[in-house]
Amino acid sequence: MTQSDTIFALSSGQGRAGVAVIRVSGPAAGTAIHALTGAPPGPPRLMVLRDIRDGAGATIDKAMVAWFAAPRSVTGEDVAEVHVHGGRAVVAAVLDALSKIAGCRPADAGDFTRRAFDNGKLDLTQVEGLADLIDADTEGQRRQALRQVNGALGLLYESWRARLMRALAHLEADIDFPDEDLPDHLPDALRGDLDALALEMRAHLNDAGIGERTRDGFHVVIVGAPNVGKSSIINRLAKRNAAIVAATAGTTRDVVEVQLDIAGLPVTLADTAGLRDAGDAIEREGVRRAHQRSAEADLRIAVFDATTWPQRDAATAALVDDATIVVVNKSDLAPACDVGAALAVSATTGAGIDALIAALTERVRAAADAATDAPPITRLRHRRAVQESHDALTRARGANAAELRAEDMRLAARALGRITGRVDVEDLLDVIFKDFCIGK
Ligand code: GDP
């Protein structure tokens with residue numbers, strides 16, 4: 001299977017639909033359209049109405065056909081899009097007819113995007129952004145992914161790499177033509193720029209993980225003594241918020257999660273085993289997990305009981321910090337209870353649940369707003385590479401031999417080049433494209 005294959009696949013969703021889009025990409029795309037429609041492709045970037053025929057000349061469907069001549073196409077190759085009626089038999093017949101055309105084969109998962117990358121249409125951050133855009137469930141995820149598809153992150157890394165390469169060029173010139181009078185061969189302006197670059201990298205790394213959290217979800221954990229009403233509160237929140245995914249059932253000792261859409265950002269809300277002095281080993285494990293989840297969470301909801309308030313469960317109270325929303329549940333049983341700055345709620349009647357959602361929204365939004373205008377890191381892969389680049393750059397600044405300094409600068413540039421896919425990425429590609437499905 002070489003690049004000169006022509007690939008085809010259903011690019012719209014599986015199953016019955018008003019319209020289905022079949023994409024064809026490669027050198028035989030024009031021949032394929034000619035074979036299917038009895039005429040050469042129409043003018044580029046215009047839809048034309050054509051009868052689609054099978055190999056025996058029988059009409060399969062009427063279709064809108066769009067033609068994109070290389071290199072002005074999504075993959076950089078000749079591309080045709082055939083918009084047929086979205087019935088299963090229609091789609092199957094068109095795919096079957098395409099498979100009988102010389103040089104055409106069904107696309108593998110991610111094939112179209114892989115070709116776009118190989119032809120320089122997308123860098124790796126854009127490829128990853130495209131995967132995120134297709135997976136986006138919330139507005140925040142969509143906006144972030146679109147920005148990455150549009151190249152904002154790739155441009156940032158490429159601009160950093162260009163600055164490193166410029167400094168490196170100076171260094172290499174100095175190594176070839178050493179100037180005995182200058183102990184530090186980097187001109188002041190360049191040295192200043194490298195220091196500024198290291199600072200920018202640190203700021204980028206210290207973004208509190210907002211990009212990764214927007215992509216993977218904010219983690220909120222609900223803690224409290226057994227029977228204080230944690231599961232009931234989660235159920236209330238999930239119903240009120242129209243959870244993205246319904247609550248995953250589990251035993252009371254398991255960690256139960258629901259996915260919420262809060263202010264356009266995905267929030268994973270986890271219930272935990274009640275905090276208490278556990279008896280048996282399984283229960284102890286549940287409590288251990290509850291503590292671990294609580295420690296890893298971005299936010300906590302600590303639940304206390306209105307019927308015993310202001311007496312508070314000590315194990316839960318010990319977990320309350322700045323990143324904790326304090327809730328006093330079962331307010332229906334103690335209507336006169338004064339909860340002070342805490343939120344009084346009743347999972348049974350639903351009282352106070354809107355205020356709890358508002359408090360959650362405010363916290364999540366505050367975390368999101370803390371992000372700078374610069375495009376955020378969205379993956380651990382980027383974070384590691386930027387850190388590596390930053391560390392190499394810092395070493396380069398401290399090196400006292402020009403050759404060592406140049407070597408560290410090369411490493412710094414290389415680490416950034418790996419993010420966008422400019423340098424040695426073969427080992428990365430399979431990992432990145434494995435999440436793509438057929439037709440992408
Ligand atoms: P968890 O162990 O903390 O998850 O607590 P559950 O959600 O399982 O609730 C324990 C018990 O308290 C159940 O019988 C609930 O029906 C009851 N409960 C929960 N929230 C309320 C509430 O706001 N008011 C009243 N009256 N009962 C509640």
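Note that ligands are numbered from 1 as they come in the structure, with each ligand's atoms numbered from 1 the same way.
- Atom 16 (O) of ligand 1 has as its closest protein heavy atom S232 OG, 4.5 Å.
- Within the 4.0 Å cut-off (strictly below), a protein heavy atom is located near atom 25 (C) of ligand 1.
- Checking each of R395, R414, R397 against D408 for a salt bridge (charged side-chain N to carboxylate O under 4.0 Å, His left out) leaves exactly one that passes, namely R395.
- Listed by number with element, the atoms of ligand 1 under 4.0 angstrom from any heavy atom of L333 are 26 (N).
- Geometrically, ligand 1 and S231 share a nitrogen or oxygen pair separated by less than 3.5 Å.
- Atom 1 (P) of ligand 1 is approached by the protein to below 4.0 angstrom, counting heavy atoms only.
- Between W309 and F304, the angle of the ring planes lies from 30° to 60°, which puts this pair in the tilted group.
- Counting heavy atoms under 4.0 Å from ligand 1, residue V228 touches it through both backbone and side chain.
- Residue contacts with ligand 1, taken as heavy atom pairs separated by less than 4.0 Å, involve N227 via backbone and side-chain atoms alike.
- Each of D78, L46, V79, V24 was scored for a side chain to side chain contact (heavy atoms under 4.5 Å, CB included) with W67, with one residue passing: D78.
- Under the 4.0 Å criterion applied to side-chain N and carboxylate O atoms, D132 and R379 are assigned as salt-bridge partners.
- Of the polar atoms of G229, at least one N or O is found under 3.5 Å from an N or O of ligand 1, judged by distance alone.
- With respect to atom 28 (C) of ligand 1, the closest heavy atom belonging to the protein is T348 OG1, 3.3 Å.
- Nearest protein heavy-atom contact of atom 20 (N) of ligand 1 is N329 ND2, 3.0 Å.
- The protein does not reach atom 14 (O) of ligand 1 closely, with no heavy atom under 4.0 angstrom from it.
- Taking only nitrogen or oxygen atoms, main chain and side chain alike, S346 reaches within less than 3.5 Å of ligand 1.
- In this structure, the side chains of D321 and R300 come closer than 4.5 Å at one or more pairs of heavy atoms.
- Distance OG1/T316 to CZ/R312: 9.0 Å, rounded to 0.5 Å.
- Applying the side chain to side chain contact (heavy atoms under 4.5 Å, CB included) test between L124 and each of R418, R422, H382, R381 identifies R381 as the sole match.
- In this model, no donor atom of one side chain and acceptor atom of the other lie less than 3.5 Å apart for T59 and D51.
- Annotation: atom 12 (O) of ligand 1 to nearest protein heavy atom, K330 NZ, 3.2 Å.
- Within ligand 1, counting atoms from 1 as listed, the ones closer than 4.0 Å to a heavy atom of D332 are 22 (C), 23 (O), 24 (N), 25 (C), 26 (N).
- Electrostatic pairing of E362 and R365 does not count as a salt bridge here, judged by no charged N lying under 4.0 Å from a carboxylate O.
- The N/O atoms of A347, backbone and side chain alike, include one that comes under 3.5 Å of an N/O atom in ligand 1.
- D338 CG: 12 or fewer foreign heavy atoms inside a 6.0 Å radius.
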